[in-house]
Amino acid sequence: AQSVTQPDIHITVSEGASLELRCNYSYGATPYLFWYVQSPGQGLQLLLKYFSGDTLVQGIKGFEAEFKRSQSSFNLRKPSVHWSDAAEYFCAVVITGANNLFFGTGTRLTVIP
Amino acid sequence: SQTIHQWPATLVQPVGSPLSLECTVEGTSNPNLYWYRQAAGRGLQLLFYSVGIGQISSEVPQNLSASRPQDRQFILSSKKLLLSDSGFYLCAGGRTEAFFGQGTRLTVV
């Protein structure tokens with residue numbers, strides 16, 4: 001079945017530490033890939049996206065993500081986490097040629113001082 | 001840039017009452033439009049999406065319906081709300097990527 005998987009439900013990191021949030025997809029074709037961030041009670045903000053080309057994409061707030069076709073992954077990274085990064089992070093995919101945007105179940109990030 | 005307007009922000013409705021949530025898009029034409037529901041502590045469930053006026057695709061069978069009367073207007077409705085309809089509803093829209101509204105917290109009592 002087609003799916004988007006975020007294996008980590010909750011991650012806790014210390015402020016200043018590096019971060020990697022995992023995302024895997026299972027679709028036949030290479031999808032368009034996105035990472036969103038959601039603060040409590042708010043809508044989602046787009047962090048970055050991958051359509052084609054360079055597999056390492058830069059986003060807002062110092063985030064980056066790398067598309068690895070062989071692993072069907074699109075992991076989100078940040079070299080040094082700030083307390084304001086605490087939020088829920090969602091990976092999403094759109095299958096090329098289709099229009100429905102599907103999300104993973106999200107990863108909640110807690111940042112400790 | 002694209003902006004998604006969604007209202008109301010919060011809503012408390014009795015069981016059996018009707019529902020109408022409205023979403024409008026600014027800054028782009030002919031966007032794809034989406035309605036999602038987010039249950040507490042869970043991910044986003046795609047309810048409906050639309051690629052054009054009057055074109056609605058439903059992802060899950062449910063007590064809700066959607067309509068797109070204008071290019072940049074997307075409405076989520078119900079004739080009779082159930083307790084299980086409570087949740088956080090998000091509208092999104094865009095062409096190559098989706099931008100989100102601020103969400104509507106619906107509580108059915």
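Residue numbers begin at 1 in each chain, while the letters A, B, ... track the order of the sequences.
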| field | Gap between atom CD of B:Q45 and atom OG1 of A:T105 - 0.5 Å precision | value | 13.0 Å
| request: Measure the spacing between CD of B:Q2 and CG of A:L46 and express it to the nearest 0.5 Å. | output: 10.5 Å
| Working for ring-ring contact (aromatic ring centres under 6.0 Å, His included), residues B:F100 and A:F103 | CA-CA 13 Å; B:F100 279 78; A:F103 283 81; 5.7 Å; yes
| Are B:L83 and B:L11 grouped together when hydrophobic residues (ILVMFWY) are joined by side-chain heavy atoms under 4.5 angstrom apart? | yes
| query | How long is the span from the CZ atom in A:F102 to the OH atom in B:Y34, to the nearest 0.5 Å? | reply | 9.5 Å
| task | May I ask you to test the B:L44-A:L44 pair for a side-chain heavy-atom distance under 4.5 Å? | result | yes
| remark: On a heavy-atom basis, the closest approach of B:L90 and A:G43 is CD2-CA, 3.7 Å
| query | For the hydrophobic clusters of this structure (ILVMFWY residues joined by side-chain heavy atoms under 4.5 Å, transitively), does one cluster hold both A:L21 and A:I60? | reply | yes
| query | Under a 4.5 Å side-chain heavy-atom rule over Ile, Leu, Val, Met, Phe, Trp and Tyr, are B:L106 and B:V15 clustered together? | reply | yes
| query | Any chance CH2 of A:W83 has more than 12 other-residue heavy atoms, nucleotides or ligands included, within less than 6.0 Å? | reply | no
| Are B:I75 and B:F88 grouped together when hydrophobic residues (ILVMFWY) are joined by side-chain heavy atoms under 4.5 angstrom apart? | no
| query | Mind checking whether A:Y36 and B:Y36 have ring centres under 6.0 Å apart? | reply | no
| Criterion side-chain contact (heavy atoms from CB on, under 4.5 Å) on A:F90 and B:Q38, from CA distance to verdict | CA-CA 12 Å; A:F90 292 93; B:Q38 186 177 29; 3.3 Å; yes
| said: Is A:Q38 close to chain B through its backbone or its side chain, or both, or neither, when contacts mean heavy atoms under 4.5 Å? | reply: side chain
